[in-house]
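Structure first, commentary second.
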Amino acid sequence: MGGSQVAFVGKYIKRHKKGITSMEAFGFGITRLSAVIFELRGLGYDIESVPQKCKNRYGHTTNYVRYVYKGERS
């Protein structure tokens with residue numbers, strides 16, 4: 001995993017209080033957001049996984065996760 005993606009997502013979630021989803025990250029060229037979040041957690045970031053639901057274009061309910069930064073772990 002490239003360090004640049006980890007650095008980008010780390011800065012992004014600190015600046016954007018609503019967090020980030022996989023679809024948002026995909027727009028930045030990050031296709032494995034969960035792997036980046038795993039690395040950030042290993043670096044001491046406290047990141048909450050918030051379950052979300054929405055309707056897809058076919059009207060079916062789908063589930064996804066929004067990752068929200070909560071601070072640094074000591």
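Bear in mind that the values here come from a model prediction, so they are computed numbers and not experimental data. Residues take their numbers from the sequence shown, with the count starting at 1.
- Residue pairs meeting the salt bridge (charged side-chain N to carboxylate O under 4.0 Å, His left out) criterion with at least one member in residues 49-58, sequence neighbours excluded, do not occur.
- Applying the side-chain contact (heavy atoms from CB on, under 4.5 Å) criterion to F8, with sequence neighbours excluded, gives Y12, F28, I30.
- Scanning for side-chain contact (heavy atoms from CB on, under 4.5 Å) contacts around F26 gives T31, with sequence neighbours left out.
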inquiry  = Checking Y64 against S22 for the side chain to side chain contact (heavy atoms under 4.5 Å, CB included) test, could you report, in this order, the C-alpha distance in whole Å, the side-chain angles of both residues, the deciding distance, and whether it holds?
reply    = CA-CA 8 Å; Y64 64 98; S22 290; over 6 Å; no

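- Note on V68 and L33: separate hydrophobic clusters, where clusters join Ile, Leu, Val, Met, Phe, Trp and Tyr whose side-chain heavy atoms are under 4.5 Å apart, directly or indirectly.
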Can you give the donor-acceptor pairs under 3.5 Å from side chains of residues 42-51 to other protein atoms, not counting sequence neighbours?
residue, atom, partner, partner atom, Å
E48, OE1, K70, NZ, 3.3
S49, OG, R41, NH2, 2.8

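- The shortest heavy-atom contact between I13 and Y69 is O-CB, 3.5 Å.
- Applying the salt bridge (charged side-chain N to carboxylate O under 4.0 Å, His left out) definition to pairs two or more places apart or across chains, those involving residues 12-25 are K14-E72, K18-E24, E24-R66.
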